[in-house]
2 protein chains.
Amino acid sequence: MKDHVHCHHCGLENDYCISLVPIFNHLEKPQMDEVMTLIHSKSYKKGEDIYQSGHTSDALYIVRKGRVKIYRLSESGKEQILRILNPGDFTGELALFNESVHDAYASALSDTDICMIKRNDLQNLLLKYPNISMRILSEFSNRLAQSETQTTRFATERVEMRIALFLVESLDTKSESHVVDLPMSKKDLASFLGTTPETISRKLFEFEDAGLIKQITNKKIEIMDVDGLLLI
Amino acid sequence: MKDHVHCHHCGLENDYCISLVPIFNHLEKPQMDEVMTLIHSKSYKKGEDIYQSGHTSDALYIVRKGRVKIYRLSESGKEQILRILNPGDFTGELALFNESVHDAYASALSDTDICMIKRNDLQNLLLKYPNISMRILSEFSNRLAQSETQTTRFATERVEMRIALFLVESLDTKSESHVVDLPMSKKDLASFLGTTPETISRKLFEFEDAGLIKQITNKKIEIMDVDGLLLI
DNA sequence: CGACGCTTTGACTATACTCAACCCGTGTGG
DNA sequence: CCACACGGGTTGAGTATAGTCAAAGCGTCG
């Protein structure tokens with residue numbers, strides 16, 4: 001059923017429309033149809049790799065359904081998670097404009113559907129519809145800002161503070177609930193925050209002892225005192 | 001004299017041409033002339049701020065002459081240097097496509113000349129000449145890759161290794177000399193590498209004791225054993 | 001039910017930060 | 001031209017932070 005609800009605006013099935021919003025949502029139906037002819041869909045099982053570092057890049061990948069983790073290996077071989085993609089997010093763009101070789105790994109955290117646009121098709125689209133470029137530029141600059149914020153945090157904040165900031169920023173600002181749903185295992189979270197599972201575990205219990213949070217289940221944390229967390 | 005040498009390709013004074021190369025060097029003379037009418041020049045003395053975090057952004061800044069440091073303040077107020085701009089590099093782009101508020105500081109490390117293009121003028125150029133978008137996209141994706149590399153290093157490498165990597169990557173691949181010219185004071189370098197001046201000083205002497213480098217002067221370091229440095 | 005992987009707990013340790021003192025080079029003013 | 005002051009750089013001692021390693025607990029999925 002749900003699969004066949006169509007979007008009023010572009011006439012696409014609803015989840016297609018949603019996943020393409022950030023880049024294409026200003027296009028009208030005829031142009032959208034053109035874009036659709038260029039899109040290839042592919043599904044990945046949980047745990048499957050979407051691409052690997054060193055592989056040739058030939059497409060932009062947009063997450064339609066599921067969740068994807070992007071990670072790198074450092075010079076000394078340690079894994080570090082760079083970000084988690086949710087439906088509507090895209091990746092693969094780094095290699096599209098330069099090297100054409102991926103510098104990171106992408107793997108499906110759950111069963112995932114991906115929309116792909118081939119490198120050449122995308123470049124043609126960009127030249128034809130400059131507005132799309134602006135969207136991607138805007139998305140890039142967001143990502144860059146976020147990456148630089150993360151860099152600065154690693155360089156200047158203690159682990160404790162990085163965890164606290166992560167929790168606070170994971171709060172859904174729209175809902176009134178102060179419960180955070182961890183988007184990944186604590187092992188992965190450790191990698192994302194540049195620390196170890198042991199340290200995460202210890203710090204969370206410290207926060208709990210201080211009355212700042214309450215660990216409801218493994219993946220659910222209630223934040224009792226936002227301001228307190230940020231003063232750590 | 002040198003100021004009046006003109007570029008064969010675009011007809012501009014040479015240093016203008018050089019500083020605009022990364023973004024505009026595919027344009028022919030008539031288009032280049034159009035771009036030139038949109039460019040405003042400004043000079044800054046050593047130590048002067050070009051922009052500050054929180055200020056409204058209304059331009060893209062291209063370094064024509066001199067050296068500029070871009071830095072942020074972390075949540076807890078510590079300064080961290082994100083990058084150093086040399087002639088031809090640009091900045092200010094983050095705010096151009098989104099927030100329109102700077103999230104970092106830019107200050108001149110030496111007497112500096114800057115070319116500026118106003119936000120609106122640039123956006124019009126991008127819509128008119130999609131190729132420029134591709135250049136900026138390419139530059140963005142470079143920067144993003146670099147920033148993510150830096151993030152991964154902070155998250156996974158020890159200070160020693162970060163210093164070693166910095167030295168090796170500062171080697172001018174073109175010249176045969178293995179002498180690195182530090183582009184900033186050790187105090188700033190410490191901030192860039194997420195450590196302290198004391199630690200930098202100590203590690204450099206450790207490298208020297210191990211025969212990996214030779215400290216010629218304060219700002220000149222000869223690298224004796226590249227591979228050894230990377231095995232630390 | 002069993003096994004595997006994630007998480008927790010504990011004890012120990014390394015890494016690198018802090019603070020304080022001192023050194024040095026450069027630029028300024030007498 | 002010298003003296004001094006200032007900022008950057010170095011050195012040393014002490015310590016906090018967070019990582020490592022090992023073992024045991026827990027949950028979940030086949």
Side-chain angles (χ1 to χ4, degrees), chain A residues 45-47 69 71 74 76-81 107 109-111 153-166 181-210 213-221 232, chain B residues 45-47 69 74 76-81 107 109-111 152-166 181-210 213-221 232:
Chain A
K45 289 258 165 261
K46 176 175 177 173
K69 81 170 171 185
Y71 63 98
S74 72
S76 55
K78 283 193 210 157
E79 170 180 324
Q80 204 244 334
I81 295 181
S107 91
L109 286 176
S110 58
D111 291 358
R153 280 187 193 167
F154 279 128
T156 60
E157 305 290 358
R158 293 185 305 163
V159 169
E160 212 166 33
M161 185 57 144
R162 300 207 296 270
I163 298 174
L165 285 165
F166 176 83
D181 247 307
L182 297 184
M184 48 190 150
S185 70
K186 288 187 184 151
K187 187 171 160 289
D188 279 353
L189 185 59
S191 153
F192 181 69
L193 294 177
T195 179
T196 60
E198 292 96 323
T199 298
I200 298 241
S201 180
R202 284 189 249 268
K203 294 297 179 190
L204 286 182
F205 282 104
E206 278 177 31
F207 290 167
E208 189 153 19
D209 287 348
I213 66 168
K214 193 176 276 174
Q215 301 189 58
I216 303 174
T217 70
N218 218 330
K219 290 224 184 310
K220 276 189 197 298
I221 294 176
I232 272 173
Chain B
K45 288 256 165 265
K46 177 175 178 173
K69 81 170 171 186
S74 72
S76 54
K78 282 192 210 158
E79 170 180 326
Q80 204 243 334
I81 295 181
S107 89
L109 286 177
S110 58
D111 291 358
T152 301
R153 279 187 194 166
F154 278 127
T156 60
E157 305 291 358
R158 292 185 306 164
V159 169
E160 210 166 33
M161 186 56 144
R162 300 207 296 271
I163 299 174
L165 284 165
F166 176 82
D181 245 307
L182 296 184
M184 48 190 150
S185 70
K186 289 189 184 150
K187 189 169 159 288
D188 279 353
L189 185 59
S191 153
F192 181 69
L193 294 176
T195 180
T196 59
E198 292 95 325
T199 298
I200 298 241
S201 180
R202 283 188 249 268
K203 294 297 178 189
L204 286 181
F205 283 104
E206 278 177 32
F207 291 167
E208 188 152 19
D209 288 348
I213 66 168
K214 193 175 275 174
Q215 301 189 59
I216 303 174
T217 71
N218 219 330
K219 291 224 184 312
K220 276 191 196 301
I221 295 176
I232 271 173

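Worth saying up front: this structure is predicted, and the values here are computed from it rather than measured. Residue numbering restarts at 1 for every chain, and letters A, B, ... go by the order of the sequence lines.
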Seminar exercise, completed: So, with a heavy-atom separation below 4.0 Å from DNA chain D, the residues of residues 187-196 of chain A are A/Gly194, A/Thr195, A/Thr196

For this session: Taking only the side-chain nitrogens and oxygens of A/Lys203, find out if one of them lies under 4.0 Å from OP1 or OP2 of D/dA18.
Result: yes

Problem set entry | Euclidean distance, atom CD of residue B/Gln80 to atom P of C/dC17 [Å, nearest integer] | 13 Å

Exercise. Does B/Glu198 get its side chain close enough to the base of C/dC19, under 3.5 Å, for a donor-acceptor pair?
Worked result: yes

Seminar exercise, completed: A/Ile163 atom CD1 is separated from C/dT7 atom C1', nearest whole Å, by 14 Å

Seminar exercise, completed: Residue pair A/Lys78/B/Ser201 against DNA chain D: nearer the 5' end by closest nucleotide is B/Ser201

Problem set entry | Over 12 foreign heavy atoms within 6.0 Å of NZ, B/Lys214 | no

Exercise. Does a salt bridge link A/Glu79 with A/Lys187, judged by any charged N lying under 4.0 Å from a carboxylate O?
Worked result: no

For this session: Could you please name the option among D/dT10, C/dC17, C/dC6 that lies closest to any side-chain atom of B/Phe205?
Result: D/dT10

Problem set entry | Rounded distance in Å - CZ (A/Arg158) to C1' (C/dA16) | 14 Å

Problem set entry | Interatomic spacing from CG in B/Asp188 to NZ in B/Lys69 - rounded to 0.5 Å | 4.0 Å

For this session: Using only heavy-atom distances, decide whether a donor-acceptor pair under 3.5 angstrom links the side-chain of B/Arg202 to the base of D/dG12.
Result: yes

Exercise. If each of A/Asn218 and B/Thr199 is mapped to the nucleotide of DNA chain D with the nearest heavy atom, which maps nearer the 5' terminus, i.e. the 5' end?
Worked result: B/Thr199

For this session: Can you establish whether the number of heavy atoms outside A/Lys219 located under 6.0 Å from its atom NZ is more than 12?
Result: yes

Exercise. Can you tell me how far P of D/dG8 sits from CG of B/Leu182, to the nearest Å?
Worked result: 15 Å

Problem set entry | Between C/dT8 (P) and A/Phe207 (CZ): distance, integer Å | 14 Å

Problem set entry | Rounded interatomic separation in angstrom, taking CD1 from B/Ile200 and C1' from C/dT18 | 16 Å

Exercise. Does the side chain of A/Ile200 reach to within under 4.5 Å of the side chain of A/Leu193, using non-hydrogen atoms?
Worked result: yes

Problem set entry | Presence of B/Lys219 side-chain N/O under 4.0 Å of D/dG8 phosphate oxygens OP1/OP2 | no

Exercise. What is the distance, rounded to the nearest whole Å, between atom NZ of A/Lys186 and atom P of D/dG27?
Worked result: 12 Å

Exercise. So, B/Ser191 and B/Gln80: side-chain donor and acceptor under 3.5 Å apart, yes or no?
Worked result: no

Exercise. Of all residues at least two apart in sequence or in a different chain, which pass the side chain to side chain donor-acceptor pair (under 3.5 Å) check with B/Asp181?
Worked result: B/Lys220

For this session: Could you check how far CD of B/Glu157 sits from P of D/dA18, rounded to whole Å?
Result: 18 Å

